[in-house]
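Notes follow the structure.
Numbers here are sequence positions counted from 1. Indexing begins at 1, ligand by ligand and atom by atom, following the structure's order. Please read all numbers here as calculations on a predicted model, not as lab measurements.
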Amino acid sequence: MTTAVCPGSFDPFTLGHLDVVRRARSVVDDVVVAVARNASKSALLDAETRLEIVRDALSEAGLDDVRAALVPGLLVDFCTEIGATVVVKGLRGGADLDAELPMSHMNRHLAGVETVFVTADPALAHVSSSLVKDVARFDGPIDDLVPAGVGSVVRAALQSSKGA
Ligand code: PNS
């Protein structure tokens with residue numbers, strides 16, 4: 001059986017991410033969502049919170065056979081450890097491809113892990129974790145961009161980061 005990993009920093013997990021996981025699961029029987037660290041971004045939510053959000057969203061979406069885990073280090077080491085041979089990522093447009101191509105080449109170079117891209121639902125093409133945080137930071141509505149309950153977690157984290 002092929003195991004696929006859907007990795008991301010998921011800060012926070014959005015409806016766009018959920019759509020990519022659904023698409024991955026439609027073509028691969030065993031899918032693991034991997035909550036990882038992107039060294040070029042500083043996260044608003046801690047890793048455990050991001051993982052909990054992913055697990056709740058998967059369960060709410062009925063994706064009960066999709067697992068989720070934290071990636072403590074390199075994504076390819078995690079893939080090797082769980083026997084995953086493919087990474088699935090979503091593409092919203094050219095900017096995503098520019099960012100994803102070097103990572104996919106690096107993961108293949110390091111461990112022979114292939115990356116398969118799925119195209120994002122055009123209805124969700126504007127949804128990114130960064131924009132969700134930006135909108136929330138200025139008190140805009142985000143609840144229709146993220147799974148249930150995530151909006152309040154993001155708002156609370158933004159509030160406490162203001163106080164910090
Ligand atoms: O959602 P993102 O931020 O685009 O996801 C990028 C992520 C977290 C998948 C990537 O930064 C990653 O794989 N991080 C784990 C550490 C690692 O393997 N770095 C080398 C990537 S080629």
Find the distance between CG (Asp11) and CG (Leu45) and round it off to the nearest 0.5 Å.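 Interatomic distance, Asp11 CG to Leu45 CG, rounded to 0.5 Å: 4.5 Å.
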
Considering only N or O atoms, set out every pair between ligand 1 and the protein closer than 3.5 Å, with distances to one decimal place.
| from | atom 1 | to | atom 2 | distance (Å) |
| --- | --- | --- | --- | --- |
| ligand 1 | 1 (O) | Ser9 | N | 3.0 |
| ligand 1 | 1 (O) | Ser9 | OG | 3.3 |
| ligand 1 | 3 (O) | Ser9 | OG | 2.6 |
| ligand 1 | 3 (O) | Asn38 | ND2 | 2.8 |
| ligand 1 | 3 (O) | Lys41 | NZ | 2.8 |
| ligand 1 | 4 (O) | Lys89 | NZ | 3.3 |
| ligand 1 | 5 (O) | Lys89 | NZ | 3.4 |
| ligand 1 | 14 (N) | Arg37 | O | 2.9 |
| ligand 1 | 18 (O) | Leu75 | N | 2.8 |

| Which pairs pass ring-ring contact (aromatic ring centres under 6.0 Å, His included) with one or both residues in residues 8-66, sequence neighbours excluded? |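 For residues 8-66: Phe10-Phe13, Phe10-His17, Phe13-His17.
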
Determine, step by step, whether Cys6 and Val31 satisfy the side chain to side chain contact (heavy atoms under 4.5 Å, CB included) criterion, reporting the C-alpha distance in whole Å, the side-chain angles of both residues, the deciding distance to 0.1 Å, and the verdict.
-> CA-CA 7 Å; Cys6 290; Val31 174; 3.9 Å; yes

Q) Under the side-chain hydrogen bond (donor to acceptor under 3.5 Å, both in side chains) rule, what pairs show up with a residue in residues 41-53, not counting sequence neighbours? A)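 Listed once each, the pairs are Asp46-Thr49.
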
Qualifying salt bridge (Lys or Arg N to Asp or Glu O under 4.0 Å) pairs with a residue from residues 78-96, counting only residues at least two apart or across chains:
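For residues 78-96, and leaving out neighbouring residues, the salt bridge (Lys or Arg N to Asp or Glu O under 4.0 Å) pairs sorted by first residue read Lys89-Glu100, Arg92-Asp96.
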
Open item on the list: Do Val32 and Val116 land in one hydrophobic cluster if side-chain heavy atoms of ILVMFWY residues count as linked below 4.5 Å?
Closed with: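 As far as the 4.5 Å side-chain criterion goes, Val116 and Val32 are not connected within one cluster.
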
